[in-house]
Protein chains: 2
Amino acid sequence: MSTRTMNPVHDATCSVAACAEIIGAKWTALLVHDLSEGARRFSELEHSCRGISPRTLSERLRWLESEGLVVRTSYPEAPPRVEYELTVKGEGLLPIIGEMRRFGHEFLGCCGSI
Amino acid sequence: MSTRTMNPVHDATCSVAACAEIIGAKWTALLVHDLSEGARRFSELEHSCRGISPRTLSERLRWLESEGLVVRTSYPEAPPRVEYELTVKGEGLLPIIGEMRRFGHEFLGCCGSI
DNA sequence: CAGTATCCTCAAAGATACTG
DNA sequence: CAGTATCTTTGAGGATACTG
């Protein structure tokens, strides 16, 4: 937000604006939506967010992690396995996603949309 | 969204994604939030969205109008008066804004935020 | 697999000036 | 007042190649 920036939002004065900076970043809503069903690996997220580049996915996940909305767990195996999961704080975003889905569903007119 | 584009979203296949395209556009959430309290004039919105340029405000309002989320009413007076108001469809966004505020409020930690 | 490192594009949106 | 017309910037995010 050019202000549509990925900087921490703790300086925002309006809670709606602060939230918009989070949820408004491309892919974030989708990512949180995916994570709502449980822990996911990098490659799983890469597939469910068709079109996202690893660069962007990585950035977004690190940012969510830095905000305390997601935890990253790395398992010392070969091949490496890393899982991302919502924190309790991150789960606080789910009602928003829920409302977004409800609205989007109406908005699209139920034309076979997810 | 460069998909983060302001094109109509009727081609989106996911309702969450479709909604993200609307609510994710800069200023939109704030605008809808302002309009939730009643009709507003261009200059009123310009003031409540501190920092928005007339160019952007105009574009955003026209876009919301084209999506059927806002109605524009022009009163043939001098000086000109124009009011913007949420449609019923546009009011469907309010629960999302409400949840955003709730989350943002928690997230910011109640430090005097709106 | 799970990312980084680079480079690059494109469009959102800011600044400014002007008009019906 | 309620915008439009231009011009410009900037940075999000895509593409691609590479690595521990």
Side-chain angles (χ1 to χ4, degrees), chain A residues 1-9 12 17 20-31 34-35 39-67 70-85, chain B residues 1-9 12 17 20-31 34-35 39-67 70-85:
Chain A
M1 295 187 170
S2 145
T3 30
R4 178 180 289 290
T5 160
M6 288 273 75
N7 299 329
V9 290
E21 287 185 31
I22 295 172
I23 219 65
K26 193 177 174 184
W27 302 112
T28 303
L30 250 38
L31 240 23
D34 282 347
L35 291 173
R40 291 286 182 271
R41 304 178 63 163
F42 192 89
S43 52
E44 291 178 314
L45 294 170
E46 219 170 354
H47 282 99
S48 54
C49 296
R50 292 226 315 170
I52 195 172
S53 68
R55 179 203 176 292
T56 303
L57 178 56
S58 173
E59 188 196 54
R60 202 90 333 149
L61 287 168
R62 286 190 181 289
W63 189 76
L64 287 169
E65 196 191 352
S66 78
E67 294 293 337
V70 157
V71 267
R72 190 190 106 115
T73 313
S74 171
Y75 299 90
E77 306 170 356
R81 181 163 62 102
V82 175
E83 288 188 344
Y84 295 89
E85 201 166 0
Chain B
M1 293 189 170
S2 172
T3 25
R4 179 180 289 288
T5 159
M6 289 273 75
N7 299 331
V9 290
E21 287 186 30
I22 296 172
I23 220 66
K26 193 177 174 183
W27 301 111
T28 303
L30 248 39
L31 240 22
D34 282 346
L35 292 173
R40 291 285 181 270
R41 304 178 64 162
F42 192 90
S43 52
E44 291 177 313
L45 295 171
E46 219 170 352
H47 282 98
S48 53
C49 296
R50 291 227 315 170
I52 195 172
S53 68
R55 180 201 177 293
T56 302
L57 177 56
S58 174
E59 188 196 54
R60 201 89 334 149
L61 287 169
R62 286 190 182 289
W63 188 76
L64 287 169
E65 196 190 353
S66 77
E67 294 292 338
V70 156
V71 268
R72 190 189 106 115
T73 312
S74 170
Y75 298 89
E77 307 170 357
R81 181 162 62 102
V82 175
E83 288 188 343
Y84 295 88
E85 201 167 0

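Just so we're on the same page: letters track the sequence lines, and every chain starts at 1. None of the values given here were measured: they were computed from a predicted structure.
For the pair Glu21(A) CD and dA12(C) C1', the interatomic distance rounds to 15 Å; values are reported in whole Å. To the nearest angstrom, P of dA13(C) lies 17 Å from CZ of Arg62(B). Distance Leu30(A) CG to dG13(D) C1': 15 Å, rounded to the nearest Å. Atom pair Leu64(A):CG and dG3(C):P shows a separation of 13 Å (rounding to whole Å applied). Computed from coordinates, the Tyr75(A) OH to dG3(C) C1' distance equals 18 Å when rounded to whole Å. If you take CH2 of Trp63(B) and P of dA11(C), they are 16 Å apart, rounded to a whole angstrom.
Listed by chain and number, the residues in a side-chain contact (heavy atoms from CB on, under 4.5 Å) with Pro80(B) amount to none (sequence neighbours excluded). In this view, Glu85(A) satisfies the salt bridge (charged side-chain N to carboxylate O under 4.0 Å, His left out) rule with no residue, not counting sequence neighbours. Taking Arg55(B) as the reference, Ser53(B), Glu59(B) meet the side-chain contact (heavy atoms from CB on, under 4.5 Å) condition, with sequence neighbours excluded. For Ser43(A), the side chain to side chain donor-acceptor pair (under 3.5 Å) test picks out no residue, with sequence neighbours left out. Ser58(B) meets the side chain to side chain donor-acceptor pair (under 3.5 Å) test with no other residue; sequence neighbours excluded. Scored by the salt bridge (charged side-chain N to carboxylate O under 4.0 Å, His left out) test, Arg41(B) finds no partners at all (sequence neighbours excluded). Considering only residues two or more places apart in sequence or on other chains, Ser74(A) meets the side-chain contact (heavy atoms from CB on, under 4.5 Å) condition with Arg72(A), Val82(A).
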| Please, what dot-bracket string fits DNA chain C when only Watson-Crick and G-U pairs with both distances under 3.5 Å count, crossing ones use [ ] and pairs to another strand use |? | ||||||||||||||||||||
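Counting non-hydrogen atoms under 4.0 angstrom, Tyr84(A) reaches the backbone sugars and phosphates but no base. Across all strands, Arg55(B) comes closer than 4.0 Å to base atoms (heavy-atom distances).
In this model, the phosphate group of dA12(D) is not approached by any side-chain N or O of Arg60(A) to a distance below 4.0 Å at OP1 or OP2. At least one side-chain nitrogen or oxygen of Trp27(A) sits closer than 4.0 Å to the OP1 or OP2 atom of dG14(D). When the side-chain nitrogen and oxygen atoms of Ser53(B) are compared with OP1 and OP2 of dA13(C), none of them lie within a distance under 4.0 Å. Note on Thr56(B): a side-chain N or O is less than 4.0 Å away from OP1 or OP2 of dG14(C).
Residues from residues 40-52 of chain B that place a heavy atom under 4.0 Å from any atom of DNA chain D, listed by number: Arg41(B), Phe42(B), Ser43(B).
Annotation: cation-pi pair Arg40(B)/Tyr84(B) absent, no NZ/CZ under 6.0 Å from the ring centroid and within 45° of its normal.
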Are any protein N/O atoms closer than 3.5 Å to N/O atoms in nucleotides 17-20 of chain C? If there are, list each pair with its distance.
none

